[in-house]
Amino acid sequence: MDELGVVIAFWILTVVTLGSALLIVLTRNIFHAVLSLIVSFLGIAGLYIILSADFIAVAQVLVYAGAVSVLMVFALMLTPREARDNAGNYLQLPGLALATVVGALVAVAAVTTDWQELEDDEGFDATSQLIGEALIDKWVLPFEVAAVLLLVAMIGAIMLVREDR
Amino acid sequence: MYLSDIPEEAVWAILAAPFVALALNALITRRWPLLSGLLTVLAIAVSFALSLWALDTSWDRDGVDLGFESHELFAIGPLVVNVGATVDGLTAIMLVVVSGVSLLVQIYSLAYMKGDDGFSRYFAFMSLFTASMIGLVLADSLIVLYAFWELVGLSSFLLIGFWFQRPAAAAAAKKAFLVTRLGDLGFLAAILLIWSETETFDIAEITTIALAGSIATGTLAMFLLGIFAGAVGKSAQFPLHVWLPDAMEGPTPVSALIHAATMVVAGVYLVARLFPIFQTDDNIMAVVAGIGGFTALFAATIALVQTDIKRVLAYSTISQIGYMMLALGSGAFVAAIFHLFTHAFFKALLFLGAGSVNHAAGTFDMREMGGLRRIMPITYVTFVIGGLSLAGMVPLAGFFSKDEILGAAYDDNEIWFAVALVTVGLTAFYTFRAIFMTFGGHYRGAATAPGGHSAHLHESPLLMTLPLIVLAVPAIIAGFINFPSEDLKHLLEGALPEGVEEHEFDFSWPIAGASLAMAAGGILVAWLLYGGQRVGLTTKPAFIRPVLTLLENRYYIDRVYEDFLVGFLFYRVGGGALELFDRYVVDGAVNGTAWIAGQAGEWGRRVQSGQLQTYGAVAFTGLAVMLIVYVAAVNP
Amino acid sequence: MLSFIIFSPLAAAAACLLVPRSRESSVKWVALLGSLVTFAATVALFILFDKDEGGFQYTERVTWIDSAAAGFELQYLLGVDGLSVALVVLTGLLTVVSVLVSFAIGFRQREYFFWLLVLEAGVLGVFCALDLILFFLFWEVELVPMYMLISIWGTGRKEYSALKFVLYTIAGSGFMLAGFLILGFEAGTFDMTALRDMEISDAIIPMNALFALLIAAFVVKLPVFPFHTWLPDAHTDAPTAVSVMLAGILLKMGGYGILRICITILPEQADDWALLLAIFGAINVIYGAILTLRQVDLKRLVAYSSVSHMGYVLIGAAALGEVGLMGASLQMVMHGLITGLLFVMVGLVYERTHTRQISEMRGLAPSMPFVATAMVFAGLASLGLPGLAGFIAEFTVFIGSFERFEAPALIGVFGVLLAAGYILWMIQRVFFGPADEKWAGLSLRVHWWEQTPVFMLGGLILLLGVYPTWLIDVMEQGVVPISERF
Amino acid sequence: MELTVEYFLTVGAVLFAIGLYVALSKRNAIGVLMGVELMLNSVNLTFVSFARFTPSEEQIAGHVFALFVITVAAAEAAVALALAVVIYRLRRTVNVDELNLLRW
Amino acid sequence: MIDWSESLQHMAPILAVAIAAGVVLIADLLPIPKKWLWVIALIGLAGSIAYSIWLLADDEQGSAFADTLVLDNFSAFFQILVAGATAIVVLASVGYTERFRVREGEYLGLILVAACGMMLMASTTDLIAIYISLELTSVSLYILAAVMKDARSTEAGLKYLLLGAVSSSVVLYGMAFLFGATGSTNLNGIGEAIGERYDDIEVAVIVGIVFLAGGFAFKLATIPFQMWTPDVYEGAPTPIAAFLSVGSKAAGFAMLLRVFYTCFADAEVADDWEVLIGGMAAISMTIGNLLALRQTNLKRLLGYSSIAQAGNILVGVAAISAGNGEFSIGAAGTMFFLASYAFTNLGAFIAIIAISNRIGSYEIADYAGLGRRWPLPAAALTLCLVSLTGLPVTVGFWAKIYIFNAAAQADLWWLVLIAVANTAISAFYYLGVIAQMYLRDGDQPIERRPFDIPLSFSVAATALGVLVFGVMPIPLIEAAEHAAQVFAA
């Protein structure tokens, strides 16, 4: 992966992703934070495309940038205006230090490990078929369980929100 | 001489008779006091009779041990405890003294203790004492001897504290037990030491081994010192003499029997029993002589100023035992036992006399007596006989025995001879000071005795005077047993192993004369100060006052022991510090650990603040630490 | 036979619970009957015990948990030798005594006797168990009963004391368990009879550390300075019967454990540790005695005296010779009898005066002659008077230890003087002196259930003091094999 | 320059750190949820990177894993937001600092 | 291709519960008496247990769904354990839901689904499947924790959820690294790869180990993810707290054992992480015990106690090097302890439900005098607390000895020492509760309510279990050892 375009795209997407993620931290308005989050999700989707993960990229856009973010906005709308700040708590500085340490540790581990990279690989052509086949063959059990999981989440969410008393 | 040899069973019966009396007293006859008393008297009479038989047998055998077998009591591996009876000259003499004096004292007590609530208990204790004392002299092994040694201590404790409602009596009993036990520690340690050397407790075997020289001199010296410590405690020698004067809180017959005639001389007996070993070490002998000589003088000086008649006699006892120790230390084995023998009679006589006086006057304070010679003639006469014997007037018993000691001291060490000689004078002085104060002059006592009873001055009943009269006889003539006849010497030397030499006594006129002169001088001074209506020095010169204060306070030794050493240093400072240590350091560490754990829990609870992100932060901190530590430990 | 002895108290305990609440006052008779049956069985065991035959007798071996593959095989393995048989009889006797002195317990009687008998079962189990894990099991059984007994029927800071006792014991026994497991892993068995024939020379921790782990529970139980502070609290606040059990038997579990497990299984390490043990024994004797002198509470005084006396067990055991070990064993039995009696007497005093403060007592002897006499007797036994049981044991300890460790033995001898000090001082202050009017109205009546234990214990103390051979002969059968390890 | 797996992993690590920081430091429960979503995304990025760069038995496994993570994250988000709504109804706040009835 | 019939048969115990869940959810919509729902749930659980036992007896073993799931002794053990615990929880919930008007349909359905998830956690052998079963359990439990819909319950739910999500991101990161380093999602594949080329990928594997251990800690309630425990136990409905403390914990340990004993069994790796797990165990038990000392609320106390007990169980996991060729002693110890803990802790919780239902308080102070006033539940609670302390004659005693023995055999003597010292600390607060019930007098009114048969049955069952297995623990031990044969190496 040494084409210039890809490299440039990688750097731009990285900057967008991480930058908008940082914006979530910095912004005072929680709606802006959600918007930054969406941008960050989209940036990640872009990175997926670089990684030739087309299906995941699409799923990312649909589920994260779409559904989850909308859900968050929706939840925010249910709460009144005064509850919509994006202030920090007492862990601002300790949290920063801790996050830096954890991130650094993981990054160092990632860099020092001798990953056995594929030779001259061009990545996947199209992934949806592969994923589909995997889901009904090797990982059919998780697939079914995930279905139950979604059902449970749905039932649970409804049950919790329903006012029955 | 007259009888066939005594069988072993009869010897055991000497011991058993008073024990039987004890058991019956304790279990059955509690409700019938008089029966208890008679039973005790009877039992001791049996013992006395058998003791005479033993003496007779021993005489036939020249005082050599009859050689009864030892019987195994229990055995733990190499530790074998045997019980057996030694009957040699020494034992025989002691048996007779113990059971004889005891018999008379019991008879006396029948009257003296009449009407006391604890009459039955008294005789039970007395039986216990007599039995233990007999056991002590019969014992053929150190451990059995030690056992009876402790038992006589116990009976002494019980009898001193007989009137336990009196705080002074209770305190004196405890003091007596503890102080003697302090000495006993040495005894016990000595037993441990000698056992680890010889693996036996048998006195004869130990003696043989020691004489063979197979025990290192240092070890043997430690052993002897330990034994002597026991003797010092029991025989109230300096510095463990403090218990004996206080022990006068017990009933007077008890003082006569236990604290004058028998138990207190157990120390002398013990040293005498081990005399063959003692005489191998000159240094130890010097220690024995030194302690004895010093105590003789020291106690006599205190006796000079005592106002309580029993305390005078008590210090006198300490002093006289000092003589016996001096004799032993000087190598005069026979002289010591001779003095023990005579002393038993005249001192018991004196004590019983004092009891008789008390019976009438209701007090022991001589300042409240006087003029009793007219009211109590028998008591008076017998008391004077005892006093003369004690003072060492010829030809009474005390003179001869004391003379032998003086002779031995003279041959051994002149300093102790001088001391002993001075003490003769002091002895005569305090004895006759007591006689004059008690019997001379006019009655000075209050109309009422302490306790509100009117003092009914009268001569004591026959049961009390009879023992006085009986005792007066040996107080006069007992000296002749060894002088000039040497019968006692014959009997006692048989008890010594072959080759052990004891001091050969040669009568010497100068020594006898000096002794007599000192005694007469003492009596004269006493008459000058206390004779007739005189009550001592009316004007006291300045130089003598501090001396008197010092003597009246018994050299402050009791105070130093009780208040400073034990009360302050040991109990308050040492014990107090240890108690604080226990409470705040040892237990404090325990409670502190619990407190720290509790505080840690409390602190940890506060961290558990309910704030969600704190939990996350803790979790990730933990994760980071785990990762860092893991990597650092594995070091990939 | 042994199973019957261990389980008969449990059966009696269950029977106690079955007594209907309406007839609660009759539960004590059930308990008495139960304890008597057990006692009779233990006496029979003692009599039938063949002292001429070596090894353990009346063994029962059933595999309980067989997981040998996991290195965890528990056998229900019981057996007695001369050492344990003596302690078993002592337990049976003191339980009868405890039940008797508990006749005056006023409330929650069913539970009380239930726990008391469960306690007995646990203790008997400890003395009979020959499997380390089984031993540990019985060792722990005692905790809940003790906790309940002290904290419900006790006095003073009873909960604090009960908890302290339990936590101390659990901590100690936890380390003991760790030691057992490491030992068992090394040896491949928890069978004590097998372990004592082995030479174990290596473990995953240093052998001397292993010895320390093994002895941890026992030094707490015995107790050894500085782990003793639970004892005065527990004794003081426990009801009389529990104090009797605690001082009379439970402390002996510590000494028994040292002899049976530490010294028998790891003789070499015992040899290495002996000096330290002797030193701590000597410290115990002196330290305990001096603190005893300082006590102002009658029960606490007796409790601290136990600390002092158990030091002799340690000194004797540390000598590692036949005489010393025998002395330690004898001291356990004798002290059980003597302190049992002392606590009974303290209980009787308390029952009458409702105070334990020595300063509030004075001249009690005329008000309670029986109690005073028995107390003096017990006190004399406690201070090591020849002719009474304590002397035999202490003397044997001294003889046994003097050859090996002179100084600790001599310090122990000094303790005898201090013992005389605190006992006599106590007697002087409590019973002697002018009678206090406060106590003039006390009833002179002594119930039969108060007298019986006194005569039982007192008689034995005297008998053993004069003629101990019958006990020594039996105990030697158990002690000699231990001493032969050295 | 050659883009290797390390680049993507590092981006993932940084994203994980930012997500963690957001989750730890935001007072609003929905803000915390955002942080969690970022962390999950960083994991997904890592999975997909491995699927692209490193050999494995089933090369697509990384994608499948990521897909499941997305699914689960969505489900969790739904439940979380439902809870946030309920809590807001009960207590008029979704401020994490104030949710401390349960403590100590 | 997948052999569906065999695969389904191999997961039949799980299916039975899943079907029961489905039937309950549907039946809830039908106009039938609600008590049938309970019956259905119990039938499903009983069927599951029966089927597991039948499979075991038949020695029917094998993998399913392309090696993402296995049926072996190990999974059967945990399936029975989970189903049994669930059944007890269900029984204990009957009166509880009635009293607090929780809707039975969803409640039961979620419990059954969570049980499915737990059983799957114990049976799956593929990272993806493990992850998804983990999440299935978690999501159901998040909702169940909040099911009371009052302030405390929802707060507990939200805390549980957010921390759970964070912890699963940690787990996922670890899994990602393992996947990247070994190229496999299958546990056996990962294990083989690590065995072959550990030196190359050591750092990644270390991150994987630490992150998996750290992330799983959330399920186990050990450090570093332990702090939610008391809060959630306090806020959640009590039967759910019981379920969390037993079922969820057991499943978590099953997962931990399966992953660590399969993937990281290589001696070179295990030597390092056994210290890590041992350290986690030591710190967890110490923290749990210390913080429990000053608790006044019984549910919170059990929360901290659960942290401490999880530390004890980790001792067994750390003892991986204790093996005899036939089975792993460490794993057997873990499982035996879990089984014992299931009886004990369920018993404790259910006794508390029984008592607190009537006195309306979880404060320890309000338990004063219960030993006299309501002896049977108090006795049951006492028994369980004694078992938690690890005193004879209860099953907890054997569990503790067995697991410490395993640690001793793995040379983890330091861990044993820390553990026994902790036993003493724990005795302090366990006995404190007993003291409250038996030593003091209290006058907290005991509400008169009709006799709750299912609850009483579950109290009796657990207490009896504690006692019976306290005398005869060998069936449990043998079962655990049988199951531990999976990790023979």
Side-chain angles (χ1 to χ4, degrees), chain B residues 567-636, chain D residues 5-6 9-10 12-43 46 54 69 72-73 76-104:
Chain B
F568 179 73
L569 218 54
F570 176 74
Y571 186 74
R572 261 179 203 284
V573 176
L578 215 54
E579 194 181 9
L580 292 180
F581 176 77
D582 193 55
R583 187 177 304 159
Y584 294 109
V585 179
V586 181
D587 207 20
V590 177
N591 290 331
T593 311
W595 184 83
I596 288 170
Q599 284 304 305
E602 189 62 34
W603 180 81
R605 260 172 64 132
R606 301 286 152 185
V607 173
Q608 190 94 26
S609 61
Q611 213 279 352
L612 179 65
Q613 286 138 322
T614 311
Y615 299 3
V618 168
F620 273 93
T621 311
L623 204 61
V625 170
M626 279 161 66
L627 192 54
I628 292 168
V629 171
Y630 198 121
V631 170
V634 175
N635 200 11
Chain D
V5 70
E6 279 87 0
L9 293 185
T10 310
V14 175
L15 199 58
F16 190 82
I18 296 174
L20 176 59
Y21 182 54
V22 171
L24 289 183
S25 65
K26 291 296 163 198
R27 276 203 332 203
N28 195 307
I30 293 171
V32 178
L33 190 64
M34 285 191 236
V36 174
E37 298 295 353
L38 278 180
M39 291 164 80
L40 290 173
N41 265 282
S42 91
V43 172
T46 312
T54 60
V69 175
V72 170
E76 274 182 355
V79 176
L81 293 168
L83 270 172
V85 170
V86 179
I87 288 176
Y88 184 78
R89 245 188 243 151
L90 286 166
R91 300 169 64 172
R92 297 282 130 196
T93 181
V94 284
N95 187 336
V96 180
D97 285 355
E98 293 168 37
L99 298 181
N100 58 1
L101 275 178
L102 308 167
R103 57 177 170 175
W104 296 338

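These numbers were taken from a predicted model, which means no experiment stands behind them. Numbered from 1 within each chain, the chains take letters A, B, ... in sequence-line order.
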Output for pair (D:Asn41 CG, D:Ile18 CD1), nearest 0.5 Å, gives 12.0 Å
Taking all heavy atoms of [X] and all of [Y], pick out the closest pair and write down the distance.
X: D:Ala80; Y: D:Leu33; result: CB-CD1, 3.8 Å
X: D:Gly12; Y: D:Ser42; result: O-CB, 3.2 Å
X: D:Tyr88; Y: D:Val94; result: CB-CG1, 3.9 Å
X: D:Glu37; Y: D:Ala77; result: OE2-CB, 3.5 Å
X: D:Arg91; Y: D:Glu98; result: NH2-O, 3.2 Å
X: D:Thr93; Y: D:Asn95; result: OG1-N, 2.9 Å

Chain B heavy atoms under 4.5 Å from [X]: which part of the residue, side chain, backbone, both or neither?
X: D:Ala23; answer: backbone
X: D:Leu20; answer: side chain
X: D:Leu102; answer: backbone

Report, by ascending residue number, the residues of residues 589-625 of chain B in heavy-atom contact with chain D at a distance under 4.5 Å; give 'none' if the set is empty.
-> B:Arg605, B:Arg606, B:Gln608, B:Ser609, B:Gly610, B:Gln611, B:Leu612, B:Gln613, B:Tyr615, B:Gly616, B:Ala617, B:Phe620
Positions in residues 568-582 of chain B that reach chain D, provided some heavy atom is under 4.5 Å away = none
Find out whether [X] and [Y] are in side-chain contact, i.e. whether some heavy atom of one side chain is under 4.5 Å from a heavy atom of the other.
X: D:Val96; Y: D:Arg27; value: no
X: D:Met39; Y: D:Leu15; value: no
X: D:Leu38; Y: D:Met34; value: no

